[in-house]
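Atom set for the values below is all heavy atoms of this structure, side chains included, hydrogens, waters and symmetry mates excluded. Lettering of chains follows the sequences in order, A, B, ..., and the numbering in each one begins at 1.
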Amino acid sequence: MKKMMALLLSVVMMMTLLTGCGGAAAGGGAAAGGTYTAYVLAEKGDTYSLGLANNFKTAFEANGGKVVMETFPTNTTNFSDYLQKALDNKANVIFAPNSTTVAANLLANANDLGIECPIMAGDTWESSVILDAVAGTDLEVYCSTFFDESDSSSPAAKDFVTGFKAWLNNNAEYKDMNGGNDIVAAVSALGFDAYNVALTAIRAAADAKGADLTSIDIANALWAVNIDNAVTGKIQFDQNGDAIKDSAYIKKAGKGAFEFMKVQTSPNNAAQGTPADYGTAKGISLDKAGKKIVIGVYEPTSGNNAAGGKQEVLGIYYANSLDDTVTIGGEDYKVELYVSDNGSLEENAVTAASNIVGQGALVSLGSYGSGVSIAAAQTFEDAGIPAIGVSCTNASVTEGHNYYFRTCFLDPFQGSVMAQFAWETISK
Amino acid sequence: MNITSYLIRGLATGGQFALVAIGYTMVYGILKLINFAHGELFMVSGILMIYIVADLPTLPIGLAICLMAALTVFIGFMIEKFAYSPLRSAPRMSVMISAIGVSYLLQNLVSYITGGLSKQFPDIPIIGESIRFLGIKDKLTVFLSPVIAIILTVILVLIINHTKFGMAMRAVSKDFETSQLMGIKINRVISITFAIGAFLAAVGSVLYFAKNTGINHFSGANPGLKAFIAAVVGGIGSIPGAVVGALIIGVAESLAKAFGLADFSDVISFGLLIIILVVKPTGIFGEKTTEKV
């Protein structure tokens with residue numbers, strides 16, 4: 001008891017002392033010395049988070065800004081001390097490209113601390129979790145994304161949005177998977193496109209090889225894919241297997257919905273790639289006896305990224321419901337989807353990818369999340385199956401992986417676009 | 001840099017961990033068992049609160065908290081009855097493994113019920129309000145946590161030192177078999193020990209989750225681990241030790257972040273654990289057996 005009282009006393013004394021010399025809390029102040037400060041917060045061991053944070057840092061510093069970057073361990077739930085760091089550094093903007101699970105706590109803490117500067121993140125934050133967290137607060141939250149449902153400039157996008165909403169509203173189970181509403185997530189649009197890219201390549205391979213086609217022929221055909229009117233814009237792969245994109249949509253989390261802010265463009269001069277050298281790889285042959293084509297869907301339907309993973313799966317399901325038959329050599333082959341859950345965890349990647357290989361899939365789609373995609377790349381390569389990443393934005397997904405393609409933009413692009421947008425917003 | 005804000009938030013986290021740490025330390029004092037399921041019980045009480053508020057929207061929040069605390073105590077009691085009590089004469093390692101089993105069982109059960117998604121803790125009036133104090137803006141729970149933790153600890157220590165039941169607890173912790181021979185109903189003492197631990201975990205969970213509102217099935221892992229470290233640093237078996245240990249861990253982690261060592265905040269807690277174990281294996285308050293429970 002005496003020891004406890006002594007401790008209590010010393011704590012009170014220490015606090016009195018420090019309050020005497022400590023300054024008042026800072027707010028998102030004006031630029032110090034003519035430059036702006038960004039506070040960047042990333043999760044340790046999260047490939048997506050760290051990659052995007054570093055890309056933002058490089059681009060923001062190139063503009064002449066100052067960046068204070070910190071990382072936190074997985075399963076952190078209290079971000080007050082980190083956000084206090086942003087206040088102490090008089091940050092003009094906070095960039096926190098993290099999972100939505102992290103965001104729920106981070107945004108609640110930011111509101112408690114009275115953070116006034118804009119908080120920005122990447123494509124993962126386009127989620128109802130963020131809208132819930134922002135509801136009833138004065139927080140200014142922005143994210144970049146691949147697609148906007150109110151974009152009426154393209155007829156393909158318009159058709160997709162109308163059709164997809166009707167499809168969701170007719171299927172209670174699917175609507176539930178979408179978070180209980182019919183808001184069209186950007187990843188659903190990308191999933192839809194990825195499926196159609198796969199089918200285009202399968203048809204091209206069938207035209208060239210007939211029923212003798214293998215997954216290697218599909219991989220070769222992917223390099224030549226050229227779709228002008230996909231939902232998320234033109235799709236063509238560069239030498240790395242990345243879709244050549246030059247714009248990102250910036251959205252603001254508003255009351256119950258995301259408000260479209262602007263299309264932020266950045267030139268992309270990449271040219272269409274030429275087929276990689278697949279050597280003597282055999283790949284997987286067409287299932288002539290079963291008259292079916294299996295497409296693997298390698299996505300997280302559980303774990304931290306389950307919400308986004310499910311929305312991506314929905315886009316793929318919808319595409320499959322519209323177009324599920326390929327005619328090869330005069331015979332109809334039914335396209336079947338095989339969903340393999342990677343649980344949002346890299347340690348599950350090889351098992352989940354091997355299950356897809358075991359099902360005799362000719363192509364694999366996904367995953368949501370870069371880390372799990374990278375971790376599965378070798379398994380798909382060993383089996384000779386091309387994989388089409390849907391929304392995995394880390395550069396390493398396709399780098400050095402000849403079998404990995406993707407339909408979205410990359411983190412270096414997204415990071416620089418967000419840094420540019422952050423700079424424009426705070427210097428206004 | 002405003003050090004006060006880090007200190008206050010550190011003490012808050014420390015106070016919340018302290019309430020969990022007392023549960024670890026009391027059970028250890030009586031049964032010599034490290035109850036690994038205690039961190040998960042803390043998480044379960046947070047989840048219970050969410051479902052109570054969602055399913056009984058007309059219930060006043062004060063009653064909802066009481067109901068949640070009562071259910072948590074009941075679960076704590078049942079865990080002891082079904083997972084530990086049948087193993088009373090088994091080797092200590094078996095009980096420990098049973099505790100690990102209960103911990104995974106609770107985690108998976110919650111994951112099954114919530115679908116693995118993060119759920120939002122309801123707004124708690126008063127302690128959930130944002131206030132400005134000493135130049136720091138944060139929820140009231142942050143400023144109250146260490147105070148509540150210390151008040152509850154003082155009450156608990158008074159109960160243990162000045163009541164007949166407290167005497168029975170002290171006797172059981174001193175010598176299990178002799179106290180049984182002297183007529184103490186040890187099963188009752190053990191049950192009540194678990195109930196007190198569960199009640200404090202429930203109070204801790206309200207204070208903790210009112211601030212950190214997103215809860216999923218892993219939310220008990222980190223607080224549980226930190227509370228366990230706190231109990232060891234303070235001297236496992238000692239109640240004031242658990243509180244002091246938790247406050248030290250909370251403040252040390254917060255200060256680490258203040259001084260730009262955010263990347264090392266976990267390293268500092270575990271480093272502290274190792275240093276204490278090397279320098280004073282019984283922990284800070286370890287030798288004072290009179291306060292052991």
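With sequence neighbours excluded, the residues satisfying side-chain contact (heavy atoms from CB on, under 4.5 Å) with B:A256 are B:L261, B:S265, B:I268. The side-chain contact (heavy atoms from CB on, under 4.5 Å) check on A:A349 picks up A:Y298, A:A375, A:A376, with sequence neighbours excluded.
Between A:S80 and B:R9, the shortest heavy-atom distance links the atoms CB-CD, 3.3 Å. Between B:Y6 and A:D88, the shortest heavy-atom contact is OH-OD2, 2.7 Å.
Residues of residues 201-214 of chain B lying under 4.5 angstrom from chain A, judged on non-hydrogen atoms, are B:Y208, B:K211, B:N212, B:T213, B:G214 by number. Contacts with chain A (heavy atom to heavy atom, under 4.5 Å) involve these residues of residues 216-226 of chain B, listed by number: B:N216, B:F218, B:N222.
Contacts between B:T13 and chain A at a heavy-atom distance below 4.5 Å involve the side chain alone, from C-beta outward. No part of A:S302 comes within reach of chain B, as not one of its non-hydrogen atoms sits under 4.5 angstrom from that chain. Of the atoms belonging to A:D132, not a single heavy atom falls under 4.5 Å from chain B. Neither the backbone nor the side chain of B:E129 comes within less than 4.5 Å of any heavy atom in chain A.
Crowding of A:E347 atom CD: a count of heavy atoms from other residues, nucleotides or ligands under 6.0 Å exceeding 12.
Note: B:K257 NZ to A:Q84 CD = 12.0 Å, rounded to the nearest 0.5 Å. In this structure, CG in A:L87 is found 8.5 Å from OG in B:S5, a value given to the nearest 0.5 Å. Between the CD atom of B:E253 and the CG atom of A:N78 there is a distance of 10.0 Å, given to the nearest 0.5 Å.
At a threshold of 4.5 Å between non-hydrogen side-chain atoms, the residues A:L113 and B:K137 do not count as touching.
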